[in-house]
Every structure is written in structure tokens, then in C-alpha cells.
Number of protein chains: 2
Amino acid sequence: MRVVIAGYGNVGRELGILLAEKVPDLRQRYGLEIMVAGVVTGRHGGWVARSATGIAPAALVAADWPSNQALPEGAEPFSGDALALIQATLLQSSVPADVLIEISPTNPRTGEPALSYCRAAIAHGMHVVTANKGPIALAHRELQSAAAARGVKVRFESTVMDGTPVINLSEFTLPATEISGIRAIINATSNYILSGLTLGQDFAETVRRAQAIGIAEADPSLDLDGWDAAVKVTIIANVLMGAAILPSEVVRETDAERMRAMVAAAPAGHVIKQVASVVRDSSAASGIRARVALEELAIDDSLASIGQGKAAIQFHTDTMGDLTVIEGPGSPRQTAFGILADLITIHRQSTGMPEKEAQA
Amino acid sequence: MRVVIAGYGNVGRELGILLAEKVPDLRQRYGLEIMVAGVVTGRHGGWVARSATGIAPAALVAADWPSNQALPEGAEPFSGDALALIQATLLQSSVPADVLIEISPTNPRTGEPALSYCRAAIAHGMHVVTANKGPIALAHRELQSAAAARGVKVRFESTVMDGTPVINLSEFTLPATEISGIRAIINATSNYILSGLTLGQDFAETVRRAQAIGIAEADPSLDLDGWDAAVKVTIIANVLMGAAILPSEVVRETDAERMRAMVAAAPAGHVIKQVASVVRDSSAASGIRARVALEELAIDDSLASIGQGKAAIQFHTDTMGDLTVIEGPGSPRQTAFGILADLITIHRQSTGMPEKEAQA
């Protein structure tokens, strides 16, 4: 499998490390050899492999590009964007790269430039694995039908809760199951700040701390106002519950001011959480109601113990009742794992290979 | 797919209801038609279908056998045990039943009679789906290699946490992942009683209540002393972590007396839980250490909020860090779902069909 990577920040580097680490396992378990045909970034330029076989993950990790200026061995500089890279790998060899890994910095409101990259890759007959929420929240159906017409796959486990099985949990472990609703804590910044406030910490201080450890943006309002969670919950509603909504249709009842007031007023034994939820509602035009709101949770609620660094999703199903999945402290490695899981699924499905067999 | 069912209590009846409910979905999504070729029970006798096609799930539900004395339409009485039933379905038609669903009352220490039924089904070229812990805890490897030699599958999702994806979570959503340890709350009776004690309820009263709602046995000591959890954790260690231990090798540090003492002594903000755990330990002969013990958990531990009726498992992995799955109140329907999920997996894998596609 030859991949091209658009965007190479923390997640890209962790992906390189994970791919290098798992070379023997991928070969032995899945007969899968993943080689990198090229990388482009917005700020650091890019490179393509000189040979059609691509660059091995270990060479990627050894080069430590772009921290180190030198390119990986066997690579030559490439100055275009992902669209140019997709073209280049098409021209360069008789076999184009098989997969675009789309992890470039992207505007979650427009989905760009990731959305254009995804469209181009599909049009050129490449599978797409993305960790970018925007393209999937805005254009899931369009991308899926373009991919189906071209005989390729679009996968995106890492768009919600890093690599935690959410899409894959539903697709692979809940057969013949209808998901009637979900509740989730899926915005790290809001949860960090609310958890801090609950512990009695000062609001401004908690925000600064979240910024210092890199989970909050300079302007955290996209998180506190529910935009980030709304984009993620749109993906869940559209992909797992058959809806067709846009992030702008998600009702948002959350902001910094309300956080402070509600935490201060919360009765003992209760915590305030930013909860994203979807329920079926036949009276709504879209058939569902999606919402991101501050909620007061009793301490025995499975979502109440989701502290700083954690995330969780609860599925209401017709077969399994309630099922909750909690992610321990998330990091770029988890996001990289979601991408790897998607690559393996694409490999399995293209080769007709069964799932990982339980270790016997 | 023609199935025979050994044991037909609450889980069997819920399975019938679920199969009947999901007929259109199974047909449309998976091209799967499940028919019942026969049922045997210890106390209520049994029946076989008169025709080789078997009895439709709806007819099973309509008959409400054995509550109602009348057999399902198209069935005739059968008086043997599961071994005789397996033989009978072999003789009765040119195509033997494809799958034994093994849910008969079984001694968890010996695994019998379930283990003999599983062995016989495999020997006759039938797949096995079981919700019985005993056979898997005692003979996982033996059954898997017999099944592999015969070209059939043995699946057992419902042996741990009803139908909650545990085995399937690892097999289908955690590719290229090493599970380095687990912690779990997997004994309903102990958790019910400990949660009651924590709420200040009287021990004897809590036990009586657990017995009244049917989760505790007349003698709850198999649960309180950790035997039930030890059997389940043996399955987890052997199947998901490559160990080869017996339930008797699981260290147990839990009983009624310690429960009372530890709950009374627990500091504020802490709860006592019966935690089953497995860690890798290269100094142990088996390569792992498995234990069921009473532990004092801080309130922000993901396992601390697992109250009455719930169960949970936490995986420590090399790719996803910590991942916790919580089951909401469990019931026979959840166990039936695990069996259905296993039947669908067997169907998919025998027909080379891909997984459930995400609802687009």
C-alpha cells in the first residue's frame, strides 16, 4: 500500500512512528506493507519518493523531517500542494498511490483545503483516510457516493474521539443494531475547563493552563461555544443514525459565561458537563434533534466521571441498551492509531481478508 | 442458516424474540435467514422441526413454548439431550444444522454439559456459539484447534458482559494492537451488593434484594468470593492476551466479610469495587497475573461510577492507551444480542461478506 500524506504535524509524526513500530505486525498479521510515496505541508514544503515503491516508515522516522531539514533518504523536494502531489504520484509511476492520508490544517467551517484534497484523491481513484472533521461533517454523502462510483473507500475514524472505536464500533461490532440516540463529551477544551472549575479553579487560570498544555486555542470560543462538538456530533448523526444535517443545524447552548454560572450553582453530588447529544424526533424536519449543551449530571451518570483529558460517547441502541465508550487521556498517537485502523480496514476489504483473529 | 439450541431459558426466549424482530434486517443487510432446526432443554423436553428447513423465529415466538405446552407449528417432540439432537439433525436431513447455540445450564467449574455439547457439534462439522463461560474458560484452545481442523468457528461474545463488544471490540476494532492489561467490574451480584453497602444499605437486606430481582443465587458465595469473575477474566486473559491459565490460577481476594469491612472503612470520595484484572508479568510462569480483588477506587476512576446493574471493562493498549467500555443495565436481551452478533459474524465469514456498512 502506497500512501501520500497531506499535512505533517504532530499526528503525522506519530503516524510515522506507529507505522514504523508496527511493520512486523502488519506484515505478519495482514500481509500489509505500507510505504510513503510523498508528503506535503503548508509551511514546511514537501517531498516525493524517487522510486515508485516509496519510502519505508523507518526511514521517515530516522529522518525526523521537518524538524530536521534533511529529507528522508530516497526523497526529493516537492513544492506543490496536495492536489499537485496526487497528480505527481499519478504521473511518476504506473501505479498511483493507493491512499491519501488527509491530515492537513483545515478550517472546520468550510472543510477546506481538506475537502478539495479528498475530492481530488477520490476522482483519481485513491482511497481516502482523514482525521479532519470538516470534510466529513459537510460532505459525507457526496464523498461516499463519489467513492462508491470510483470503487474506493473513504474512512474517518479519527474525526471523533481520536482513534477510539466509534465509527468502527458501530460498523463492526453492532450488527443489526439501530442507534436511537447518543450522548457524548467530545470537546477536550470545554471538558478541561469545566473539570477545573468543578475543582474550584479560577476560570482564566484554567483557560491559560489548557492553552499551555496545547489543548485550547488562543481563542477558545470555538470550543466553549460548542462549534467543535457540533461538527463532531453532525458526523455521528449523519453516519451512524442516517441523518443529513449540517453543523449549523445543531442547537448550541454553551458558552464561557454559562459555564461559570452553572458550575457555581451546581448542587453537591452533581457536575456540569458540555454534552453533545442526538435523539430521534419524527417531528423535526431532519428526523433528529442534535444539540450541544451544558448539562447538570448526577455523579452516578457514566459521563460524570469523564475528567480532564478524557472523552466519552454513550450509545442508546435497540439491541444492547446503553453502551458507553471512554477514551483515556487522548494524544496524537491515538489519532494516528485511528488512521492506521482505517488503513488496515481498507487493506482487508480490498483483499477480502477477514478481521484480526483473536489471539489464540 | 439452520441452528439448534441447547437450553431454552430467559436467554433462549429473548433470542427467539430478537431473531423474529430482526428477520427483515438480517435478510436485507446480510442476506441471512436463520431457521431453528430443534431445541432441547433439561427440564422441559425438546422438539425438532419436521421439515429440513426448520422453524421460523416468528413461529417460535408465537408458540411461546415451553411456557405454553404446545410445540411450535411444524415441530415434533424430541426427548434426547443436545448430543442426541446434533445426531438427529444430522440424520434427519441431507444438510445438518449449521450452528449449535449452546446456552444450557452449566456448571462453571466443570463446564459440563456445555463442553461436551460444544465438542460434539464441532466434531460433526457445526459452528458453535455459546454464552456459557465454563467451556471457553476451560478449553478455549482445545475447542479452537478442533474447530480449525474441522473448518468451523467457535464464538462466545456473550460469555463476558452479556453481548457488550469485548471479544469483538478487540478482534474487529483494535487491529495491530497489543492489550497489555485489563481491569473490569464483571460480577453483577458483587457489584449490586457493594453499591448497596456504599449507599448505606444493610448487607443481608441488599443480598435479599439482589436475590429477589434474580441477579444473585440462593448461595451468592460463588459471586462474592470471586469465582464468577475469575472464570470471565480467564477467558479475557487467554483469548485477548494470549495466556493459557485456568480459573483456579486467578488470585481471589474478595468475600462477604471483606466487603463489609472495606466499605465501612472507605474514606470519603472513594468506593469499594470488586475488580478483576490481568497484567503482563514476565516473572510469572504463565506470563500474566490475573486477580479478582476488592479495591478502593477514587471517584474519578472510570470504574468508580459503575453502579448497580452496570458492568465495565478497561483495556490498556499500546495503540489507544486506556479504553473503557461500560454496559448499561444488562438483561437476557443483551446476551441474546451477543449470540446474534456471533451468528452474523459466522455468516459473514463463511460467505466472505464485508461488515455492516455504515448507514449512509
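We name chains A, B, ... by the order of the sequence lines, and we start the count at 1 in each one. Only this structure's heavy atoms are used, side chains among them; waters, hydrogens and symmetry mates stay out.
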Seminar exercise, completed: Applying a strict 4.5 Å limit to non-hydrogen atoms, the region of Leu323(B) in contact with chain A is both
For this session: Report the option among Met320(B), His316(B), Glu157(B), Gln28(B) that has the most heavy-atom pairs separated by less than 4.5 Å from atoms of chain A.
Result: Met320(B)
For this session: Select, from Thr164(A), Ile299(A), Thr335(A), Thr317(A), the one with the greatest count of heavy-atom pairs under 4.5 Å involving chain B.
Result: Thr164(A)
Problem set entry | Which portion of Asp162(B) sits near chain A, non-hydrogen atoms under 4.5 angstrom | neither
Seminar exercise, completed: To the nearest 0.5 Å, atom CG of Asn168(B) lies from atom CG of Leu174(A) at 9.5 Å
Exercise. From Glu21(B) CD over to Glu178(A) CD, what is the distance, rounded to the nearest 0.5 angstrom?
Worked result: 10.5 Å
Seminar exercise, completed: Whatever's closer than 4.5 Å to a heavy atom in chain A on Ile344(B) counts as side chain
For this session: Specify the closest pair of heavy atoms between Thr173(A) and Phe337(B), including all atoms of both residues, with the distance to one decimal.
Result: O-CZ, 3.9 Å
For this session: Mind ranking Leu18(B), Asp322(B), Ile326(B) by heavy-atom pairs under 4.5 Å with chain A and telling me who comes out on top?
Result: Ile326(B)
Exercise. Is there a donor in the side chain of Ser302(A) and an acceptor in the side chain of Lys310(B), or the other way round, less than 3.5 Å apart?
Worked result: yes
Exercise. In terms of heavy-atom pairs under 4.5 Å, which option from Pro165(B), Ser145(B), Pro329(B) contacts chain A the most?
Worked result: Pro165(B)
For this session: Would you please test Thr319(B) and Leu340(A) for side-chain contact (heavy atoms from CB on, under 4.5 Å) and show each step?
Result: CA-CA 10 Å; Thr319(B) 54; Leu340(A) 175 60; 5.5 Å; no
Problem set entry | Closest contact, heavy atoms only, Thr177(A) versus Lys22(B) | CA-NZ, 4.4 Å
For this session: Could you tell me the separation between the OG1 atom of Thr198(B) and the CG atom of Asp300(A), rounded to the nearest 0.5 Å?
Result: 12.0 Å
Problem set entry | Closest non-hydrogen atom pair, Tyr30(A) against Ala176(B) | OH-N, 3.2 Å
